[in-house]
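Data first, discussion second: the structure below is written as structure tokens.
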Amino acid sequence: MLLFLAVSFASFLTLDTQAQIRHVGGKDVSARQYPFVAAIAYMRQLVGNGAIITPKWILTAASAVYHYPDSEHNSGLGADDFHGRADWHEVGKIVRHPEFIGWDNNIAMVQVRGTIQYSDTIQPINIATKLPETVEVVMVSYGKNEHDTTHLRAAAYSLISDNVDCISLLKEYSAKEVIWQQHGFCLLPPPGTEQSQWYNDAGASMVANGELYAVFAFAEHEGGLNEGSVATRVASFLGWIQNVMFNLS
């Protein structure tokens with residue numbers, strides 16, 4: 001579940017976790033299967049996820065890196081479990097979308113210090129350039145789950161952006177506006193299944209056919225099983241992503 005701007009990370013830690021719905025319905029996977037996945041941490045506590053897109057840059061949700069100074073973050077790469085062995089990088093700079101307000105434009109770029117060294121478990125992913133109304137994806141995240149682990153997990157979803165079907169799933173006007181602006185997708189689990197997201201799933205990659213289509217943004221009303229959840233549509237921000245990398249190269 002994703003709590004938003006008025007709630008600090010410290011307050012997350014004091015919540016009764018038994019009352020929280022977590023990243024339900026996924027299965028454990030390995031970094032070799034999804035080598036682009038990055039864990040984003042503050043003082044080695046997981047605050048979000050990201051996707052490696054170049055040897056210097058990780059793409060994530062702005063809400064995952066909102067609360068703390070840039071330099072207090074770091075990123076773990078190539079691990080099967082967040083608490084397992086990883087290639088850790090200090091963060092040099094975080095660029096949040098300049099119009100990230102509330103829920104819209106929920107995207108950010110994380111620039112690491114040094115250079116990411118690629119291996120069998122650490123690889124970049126290409127960003128999908130198409131803007132489909134519907135796409136079947138896998139969401140990959142280190143976020144906590146119903147088994148209370150931090151193992152890398154994957155779960156299947158349908159992403160839809162149809163202004164009728166998607167909007168009908170959402171209750172908040174600000175959530176609907178993300179779809180109207182063509183900045184996001186609604187998340188749907190496979191028929192007959194129960195799935196949901198935990199707050200530190202923010203920035204989790206959503207991929208299909210080896211391309212990145214979206215990053216997890218938020219769940220309405222602090223989340224819930226099969227309730228309204230939204231992912232940021234990455235292709236809508238391609239120009240901004242390219243400008244950030246060019247200007248800070």
Side-chain angles (χ1 to χ4, degrees), residues 1-2 9-10 12-13 17 20 22-61 63-94 108-127 137-156 195 197-208 210-212 214-216 234:
M1 294 178 294
L2 187 59
F9 178 70
F12 286 134
L13 301 180
T17 57
Q20 305 288 325
R22 304 184 176 200
H23 183 193
V24 173
K27 64 178 182 179
D28 288 358
V29 293
S30 73
R32 287 182 182 273
Q33 292 171 272
Y34 300 99
F36 53 84
V37 174
I40 298 175
Y42 165 74
M43 297 182 65
R44 293 298 172 95
Q45 296 292 317
L46 183 69
V47 295
N49 297 261
I52 302 166
I53 57 173
T54 78
K56 292 288 294 182
W57 291 98
I58 294 168
L59 189 68
T60 186
S63 54
V65 288
Y66 179 80
H67 296 289
Y68 303 106
D70 296 1
S71 61
E72 294 183 15
H73 293 83
N74 50 27
S75 181
L77 312 176
D80 289 344
D81 191 289
F82 175 71
H83 294 300
R85 184 176 179 179
D87 182 12
W88 284 95
H89 288 261
E90 293 181 352
V91 168
K93 186 176 183 61
I94 299 175
M109 299 279 288
V110 175
Q111 186 182 49
V112 300
R113 296 186 185 276
T115 301
I116 295 171
Q117 300 298 315
Y118 295 155
S119 68
D120 290 345
T121 58
I122 301 175
Q123 292 285 329
I125 188 169
N126 292 326
I127 295 173
V137 297
V138 173
M139 172 175 143
V140 194
S141 174
Y142 290 103
K144 285 190 175 182
N145 53 67
E146 71 270 33
H147 302 302
D148 201 22
T149 76
T150 54
H151 199 284
L152 185 62
R153 297 191 107 202
Q195 293 182 183
Q197 304 81 35
W198 180 242
Y199 79 90
N200 54 18
D201 289 315
S205 302
M206 299 194 175
V207 301
E211 294 185 313
L212 180 67
V215 293
F216 177 68
V234 176

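Since this is a predicted model, take the numbers as computed values, not measurements.
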Query raised in the report: In chain order, what residues pass the side chain to side chain contact (heavy atoms under 4.5 Å, CB included) check against Ala214, with sequence neighbours excluded?
Result: Leu159, Phe185, Met206, Ala231
**Report entry** Counterpart residues, side chain to side chain contact (heavy atoms under 4.5 Å, CB included), relative to Pro35 (two or more places apart)
**Finding:** Gln123
Requested in this report: Could you tell me whether the side chain of Phe36 reaches within less than 4.5 Å of the side chain of Leu212, counting heavy atoms only?
Outcome: no
Query raised in the report: Got Tyr142 and Val37 here, is their nearest side-chain heavy-atom distance under 4.5 Å?
Result: yes
Report summary line: With sequence neighbours left out, the residues meeting salt bridge (Lys or Arg N to Asp or Glu O under 4.0 Å) with Glu90 are Arg113
Report task. Taking the side chain as every heavy atom from C-beta outward, state whether Val110 and His73 have any pair of such atoms under 4.5 Å apart. Result -> no
Report summary line: For residues 30-45, the salt bridge (charged side-chain N to carboxylate O under 4.0 Å, His left out) pairs (sequence neighbours left out) are Arg32-Asp120
Report task. Test side chain to side chain contact (heavy atoms under 4.5 Å, CB included) on Asp201 and Met139 and set out the steps. Result -> CA-CA 9 Å; Asp201 289 315; Met139 172 175 143; 3.8 Å; yes
Report task. Any chance you could measure Ser205, atom OG, to Tyr34, atom OH, to the nearest 0.5 Å? Result -> 11.0 Å
**Report entry** Any Val215 side-chain heavy atom under 4.5 Å of Thr60 side chain
**Finding:** no
Requested in this report: For the residue pair Tyr42 and Tyr68, categorise the inter-ring angle as parallel (less than 30°), tilted (30 to 60°) or perpendicular (more than 60°).
Outcome: parallel
Report task. Please tell me if the side chains of Val91 and Val65 come closer than 4.5 Å, counting only heavy atoms from C-beta onward. Result -> no
Query raised in the report: Looking just at side-chain N and O atoms, do Asp80 and Ser30 make a donor-acceptor pair shorter than 3.5 Å?
Result: no
**Report entry** With sequence neighbours excluded, residues passing side chain to side chain contact (heavy atoms under 4.5 Å, CB included) with Asp28
**Finding:** His151, Arg153
Report summary line: Residues at least two apart in sequence or cross-chain that pass salt bridge (Lys or Arg N to Asp or Glu O under 4.0 Å) with Asp70, listed by chain then number, are Arg96
Query raised in the report: Under 3.5 Å, is there a donor-acceptor pair between the side chain of Lys27 and the main chain of Ala155?
Result: no
